[in-house]
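Since the structure comes first, as structure tokens, the remarks are kept for the end.
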Amino acid sequence: MQSLQQQTEAKVAEGRQKNPAFMQKVDEIIAQSKSFQQGNDALTLGQNAPTFSLPNGNGQAVSLANLLQKGPVVVTFYRGSWCPYCNLQLRALQARLSDINALGAQLVAISPQIPDGSMTQDEISNMDFEVLSDQDAKVAAQFGVAWQVPAFLSEHMRVDRKLDLETINNGNSSILPIPATFVIDHEGKIAWRFVDVDYRTRSEPDDIINALKALS
């Protein structure tokens with residue numbers, strides 16, 4: 001079975017073949033965002049994770065405080081169900097969820113999409129972890145991973161992808177979370193993190209699991 005990195009690399013290669021000029025421009029934008037790529041603005045190890053309460057796909061509020069009462073929590077930020085790299089990541093996490101749960105941890109995935117739009121009802125029912133809606137990206141900002149989307153990418157999504165992010169995200173069309181994953185220990189502190197502004201790069205489930213094992 002391919003690793004998540006291998007899957008995303010294949011998706012990038014496919015994109016370079018189909019639209020090399022666009023992918024070259026994305027490379028340039030990401031290079032310009034080097035400080036974000038290195039996670040300079042994101043929460044660091046040992047810091048307290050901000051408390052939050054967000055609606056899930058059924059509109060029910062889910063709080064970090066309640067989740068932490070059961071053990072460590074893995075929080076992963078993703079751009080939305082329209083992002084193919086995000087979908088690869090969520091499926092990879094779903095495939096390893098039993099390993100995550102076996103270590104006493106829970107997984108939550110957060111995007112700016114409205115609760116009923118983050119995933120279809122069938123997709124939600126097939127996911128065994130919480131999918132939460134951070135419509136104004138305030139929680140992403142508290143974690144230091146909210147990103148003002150460059151005009152070039154916004155225009156690409158609006159014109160080429162026909163994505164109406166203002167509707168999808170209930171008014172928020174310019175700020176998305178960068179792909180980031182945090183492991184939060186039972187005391188609410190950041191124990192591990194992966195932060196990269198390159199939306200084509202994601203944390204490997206194996207690395208998340210190893211971070212959880214280190215908490216044992």
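For the residue pair S53 and S63, no side-chain donor N or O sits within less than 3.5 Å of a side-chain acceptor on the partner. Side-chain contact, Q5 with T8: no donor N or O sits under 3.5 Å from an acceptor N or O. Between Q94 and D128, the side chains place a donor N or O and an acceptor N or O closer than 3.5 Å (distance only, hydrogens not considered).
Residue P179 comes nearest to V197 through the heavy atom pair CD-O, 4.3 Å, listed as atom of the first residue, atom of the second, then distance. Minimum interatomic distance between L176 and P112 (heavy atoms only, all atoms of both residues): CD2-CG, 4.0 Å. The minimum heavy-atom distance between R79 and P177, with the atom names listed, is CG-O, 3.8 Å. The two atoms that bring R193 and L45 nearest to each other are N-CD2, 4.1 Å, heavy atoms only. Considering every non-hydrogen atom in both A42 and V145, the closest pair reads CB-CG1, 4.0 Å.
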Inset, instruction - Kindly indicate, with the supporting measurements, whether the criterion side chain to side chain contact (heavy atoms under 4.5 Å, CB included) is fulfilled by V108 and F129. - result: CA-CA 6 Å; V108 296; F129 54 85; over 6 Å; no

Inset, instruction - Under the side chain to side chain contact (heavy atoms under 4.5 Å, CB included) rule, what do I190 and V183 come out as? Steps first, then yes or no, please. - result: CA-CA 6 Å; I190 306 297; V183 171; over 6 Å; no

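The shortest side-chain heavy-atom distance between R91 and N87 falls under the 4.5 Å cut-off. The closest side-chain heavy-atom distance from D134 to F52 is not below 4.5 Å. Looking only at side-chain heavy atoms (C-beta outward), Q89 and Y78 come within less than 4.5 Å of each other. Residues P50 and V139 are not in side-chain contact: their nearest non-hydrogen atoms beyond the backbone lie 4.5 Å or more apart. You'll find the side chain of D206 reaches within 4.5 Å of the side chain of R96, heavy atoms only.
In this structure, the separation between CZ on F77 and CZ on F143 is 4.5 Å, given to the nearest 0.5 Å. Here the straight-line distance linking atom CG of D185 with atom CH2 of W192 works out to 14.5 Å at 0.5 Å rounding. A distance of 10.0 Å separates CD1 in I178 from CG in D198, rounded to the nearest 0.5 Å. The distance from atom OG of S203 to atom CG of L93, rounded to the nearest 0.5 Å, is 6.5 Å. For the atom pair OG1 (T181) and CD1 (I110), the distance works out to 10.5 Å, reported to the nearest 0.5 Å. Here the CZ atom belonging to R202 is positioned 8.5 Å from the CG atom belonging to L88, to the nearest 0.5 angstrom.
Within the 3.5 Å criterion, the main-chain N or O of A211 finds no donor-acceptor partner in the side chain of D207. Under the 3.5 Å distance criterion, the side-chain polar atoms of Q47 are matched with a main-chain donor or acceptor of T44.
No option in N56, L54, V131 other than N56 meets the side-chain contact (heavy atoms from CB on, under 4.5 Å) test with V62. The only member of L67, L103, L107, L97 that meets side-chain contact (heavy atoms from CB on, under 4.5 Å) when paired with V74 is L107.
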